[in-house]
Amino acid sequence: MSQVFIKRDMLGYIFQNAASVHPREMILLLRGKVSKNQFTITDLIIPPLPMHGRGFSGFQRYMLPMDFSIVGTVHSHPSGVTKPSWADLHHSFGRIIMIVGFPYKDEANVAVFNHSGEGLALRIT
Ligand SMILES: [Zn+2]
């Protein structure tokens, strides 16, 4: 099973960001390193022209630089359900889909998936 490593303070920043736009959704790009089945998140990037709305979040993909260090995205689910929607799986960018759910407080409010919707192990370091 693939593992995703993220620093606790980075996760805290993601939670803060999600809480600040709640009940709208937010989305950030995840930059990181990949080795074998391990993803290590190193930076969060604000996507070009982010769109925040009720029930959707996205960005203008054509404005993205060619940046192969982007391993995936993180977005929020104001509903609190940390499961990917059909659209999340079919319009995802990068290799991993991280979802944070309301109330954006602790490990119970975050989950990470691959494109098939399979849960990956999240390691908070
Ligand atoms: Zn979603």
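Just so you know, these numbers come straight off a predicted model, no measurement behind them. The figures that follow rest on heavy atoms only: side chains count, while hydrogens, waters and symmetry mates do not.
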My understanding is that only residues two or more places apart in sequence, or in another chain, count here; which of them pass salt bridge (charged side-chain N to carboxylate O under 4.0 Å, His left out) with E118? none
Where A18 and V100 come nearest, the two heavy atoms and their spacing: CB-CG2, 4.0 Å
Does the side chain of N114 come within less than 4.5 Å of S2's, by heavy atoms? no
Listed by chain and number, what are the ring pair (Phe, Tyr, Trp, His ring centres under 6.0 Å) partners of F15, not counting sequence neighbours? none
Under 4.5 Å between any side-chain heavy atoms of L44 and L29, yes or no? no
Not counting sequence neighbours, which residues clear ring pair (Phe, Tyr, Trp, His ring centres under 6.0 Å) with H22? List them please. F102, Y104
Note: D43 and M10 closest approach over all heavy atoms is N-CE, 4.0 Å
Apply side chain to side chain contact (heavy atoms under 4.5 Å, CB included) to the pair V71 and K33, showing each step before the final yes or no. CA-CA 8 Å; V71 295; K33 299 193 186 100; over 6 Å; no
Separation between CD1 (I41) and OG1 (T125), nearest 0.5 Å, reads 10.5 Å
Do the non-hydrogen side-chain atoms of L11 and I124 ever get within less than 4.5 Å of each other? yes
The test is salt bridge (charged side-chain N to carboxylate O under 4.0 Å, His left out); show your working for R123 and E107 and say whether it passes. CA-CA 10 Å; R123 308 277 182 233; E107 277 122 274; over 6 Å; no
Could you tell me whether a side-chain N or O of H115 sits under 3.5 Å from a main-chain N or O of G94, the two making a donor and an acceptor? yes
Under 3.5 Å: donor-acceptor pair, side chain of N17, backbone of S20: no
P78 and R24 have their tightest heavy-atom pair at CG-O, 3.6 Å
Tell me, do F39 and Q3 make a side-chain contact under 4.5 Å, heavy atoms counted? no
Connecting only ILVMFWY residues whose side-chain heavy atoms lie within less than 4.5 Å of each other, what is the rest of I97's hydrophobic cluster? L89, I99, F113
Could you tell me whether the side chain of L28 reaches within less than 4.5 Å of the side chain of T73, counting heavy atoms only? no
Those residues that, when tested against S35, pass side-chain contact (heavy atoms from CB on, under 4.5 Å) (two or more places apart): Q38
Check whether any side-chain heavy atom of I6 sits under 4.5 Å from a side-chain heavy atom of M98, and report yes or no. yes
Atom pair OG (S76) and CE (M26), whose distance is rounded to the nearest 0.5 Å: 5.0 Å
Do the side-chain N and O atoms of R31 and S69 include a donor-acceptor pair separated by under 3.5 angstrom? yes
Is I70 close to L30 at the side-chain level, that is, under 4.5 Å between some pair of heavy atoms? no
Of all residues at least two apart in sequence or in a different chain, which pass the side-chain contact (heavy atoms from CB on, under 4.5 Å) check with S79? H77, V81
Show your working on side chain to side chain contact (heavy atoms under 4.5 Å, CB included) between V4 and I96 and close with a plain yes or no. CA-CA 9 Å; V4 178; I96 61 174; 4.0 Å; yes
